[in-house]
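Notes follow once the structure below has been shown.
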Amino acid sequence: TGSGLFFYDGHGFKNYVKADGLIDNNITALYCDSQKRLWIGTEAGLSLFHQNRFRKHPAIRQLKTAKITALAGDATNQRLWIGTAQKGLYQLAGDIVSRQRGLQNIASQRINCLHLDPNKVLWIGTTGGIIQYNDQSVIVFDRSSGLASLNIQAITSDSKGALWIAHASRGVDRLQN
């Protein structure tokens, strides 16, 4: 919604808005990392909330104009994956933000969702299908791979390693990994 971030402290709700330090009131994604920091994706970039206040971080300046659509974290490798509406995929490692260049030739730079599976493989849902991404390879799944639709809205995996893929208007697919 355009109402900012609501935080429940066990007794009631506190509403944080732009005037409190949030970069934008239109929140699109949330991720809590292993240090209990809350990364907040918005239509105007990235915010960081830790110990009940908004914090400065170099990544915030670098992503100030990016419309963040999805966040996923890799606690083992201390990385935050950041999906955007028009600028593709970014990785935050420490204080360094880098755009992932191996994805320039994909059908869509519009990332709708991200999912890091138990094997640390990143799955990227776009308006042009799914991308299986790791440091060594990029594999694209589209209609020729059996997807019911290219507009992917959500991805998760189950305990047996299968991926469950939600489409905007075509139900759910299951991909055995």
Side-chain angles (χ1 to χ4, degrees), residues 1-100 103 108-127 130-135 152-159 163-166 168:
T1 72
S3 302
L5 177 70
F6 286 87
F7 175 75
Y8 183 70
D9 65 5
H11 304 289
F13 285 95
K14 164 79 172 134
N15 182 215
Y16 293 98
V17 294
K18 197 170 180 178
D20 299 311
L22 186 62
I23 199 165
D24 185 63
N25 288 338
N26 294 309
I27 295 174
T28 54
L30 297 171
Y31 176 73
C32 187
D33 68 19
S34 61
Q35 297 174 41
K36 303 212 183 299
R37 299 178 300 183
L38 182 63
W39 296 93
I40 305 158
T42 75
E43 291 186 359
L46 190 65
S47 287
L48 174 61
F49 189 76
H50 185 57
Q51 297 176 334
N52 295 318
R53 67 184 187 104
F54 291 93
R55 306 289 179 147
K56 301 282 185 217
H57 192 282
I60 294 169
R61 279 193 321 277
Q62 292 175 276
L63 294 166
K64 191 170 186 176
T65 60
K67 181 179 179 183
I68 310 294
T69 54
L71 299 170
D74 180 353
T76 305
N77 296 313
Q78 297 292 304
R79 295 190 286 195
L80 178 67
W81 295 102
I82 303 162
T84 67
Q86 299 158 338
K87 298 180 179 182
L89 181 69
Y90 289 82
Q91 175 188 236
L92 171 62
D95 289 344
I96 300 170
V97 176
S98 56
R99 186 165 186 210
Q100 302 306 287
L103 302 172
S108 172
Q109 290 294 312
R110 162 89 184 162
I111 296 175
N112 291 334
C113 58
L114 298 170
H115 174 67
L116 193 68
D117 74 16
N119 296 318
K120 305 298 181 200
V121 173
L122 184 65
W123 294 87
I124 305 165
T126 74
T127 54
I130 296 175
I131 299 149
Q132 180 187 25
Y133 182 80
N134 63 36
D135 294 332
I152 310 303
Q153 297 299 303
I155 305 169
T156 194
S157 52
D158 64 24
S159 61
L163 286 179
W164 293 89
I165 303 150

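In what follows, residues are counted from 1 in the order of the sequence shown.
- For the residue pair V97 and L92, the shortest heavy atom distance occurs at CG2-CD1, 3.7 Å.
- Side chains of I40 and L22 form a contact here, defined as non-hydrogen atoms less than 4.5 Å apart.
- The distance from the CG atom of L114 to the OH atom of Y133 is 11.5 Å, given to the nearest 0.5 Å.
- A side-chain donor-acceptor contact under 3.5 Å links N15 to the backbone of L5.
- Between Y8 and F13, the ring planes lie tilted relative to each other; the angle falls in the 30° to 60° range.
- Between D117 and I155, every side-chain heavy-atom pair lies at or beyond the 4.5 Å cut-off.
- Within 6.0 Å of NZ on K18 lie no more than 12 heavy atoms contributed by other residues, nucleotides or ligands.
- Atom OG1 of T42 and atom NZ of K64 lie 11.0 Å apart (nearest 0.5 Å).
- Counting heavy atoms from C-beta outward, K87 and L63 have side chains that stay 4.5 Å or more apart.
- For the pair L38 and C32, the tightest heavy-atom approach, listed with the atom from each and the gap, is CD1-N, 4.2 Å.
- Shortest non-hydrogen contact noted between G45 and I68 is O-CG1, 3.3 Å.
- Here the side chains of N119 and N134 are not in contact, with every heavy-atom distance at 4.5 Å or above.
- Heavy-atom contacts from other residues, nucleotides or ligands closer than 6.0 Å to NZ of K120 number more than 12.
- Heavy atoms of other residues, nucleotides or ligands lying less than 6.0 angstrom from CD of Q86 number 12 at most.
- Side-chain contact between W123 and Q132 is present, with at least one heavy-atom pair separated by less than 4.5 Å.
- Residue A75 comes nearest to S34 through the heavy atom pair CB-CB, 4.2 Å, listed as atom of the first residue, atom of the second, then distance.
- The shortest distance between side-chain heavy atoms of W81 and I124 does not fall below 4.5 Å.
- Using the six-membered ring where Trp is involved, F54 and Y16 have ring planes that are perpendicular, over 60° apart on the 30 and 60° scheme.
- Using a distance-only test at 3.5 Å, with no hydrogens or angles considered, a donor-acceptor pair links the side chain of N112 to the main chain of I152.
- Residue Q100 holds its CD atom at 12.0 Å from CD1 of I131, rounded to the nearest 0.5 Å.
- Here K56 contributes atom NZ and L48 contributes atom CG; the two are 10.5 Å apart, rounded to the nearest 0.5 Å.
- Rounded to the nearest 0.5 angstrom, Q51 CD and R37 CZ are separated by 10.5 Å.
- Heavy atoms of other residues, nucleotides or ligands lying less than 6.0 angstrom from CZ of R55 number more than 12.
- Side chains of K14 and N52 form no contact here, defined as non-hydrogen atoms less than 4.5 Å apart.
- Between I82 and L46, the closest heavy-atom pair is CD1-CD2, 4.1 Å.
- Without hydrogens or angle criteria, T69 side chain to I111 main chain gives a donor-acceptor distance under 3.5 Å.
- Looking at W39 and H57, their side chains come closer than 4.5 Å, going by heavy atoms from C-beta outward.
- Between atom CD1 of residue I130 and atom SG of residue C113 there is a gap of 7.5 Å, rounded to the nearest 0.5 Å.
- Of all heavy-atom pairs between G2 and N25, the closest is O-CB, 3.3 Å.
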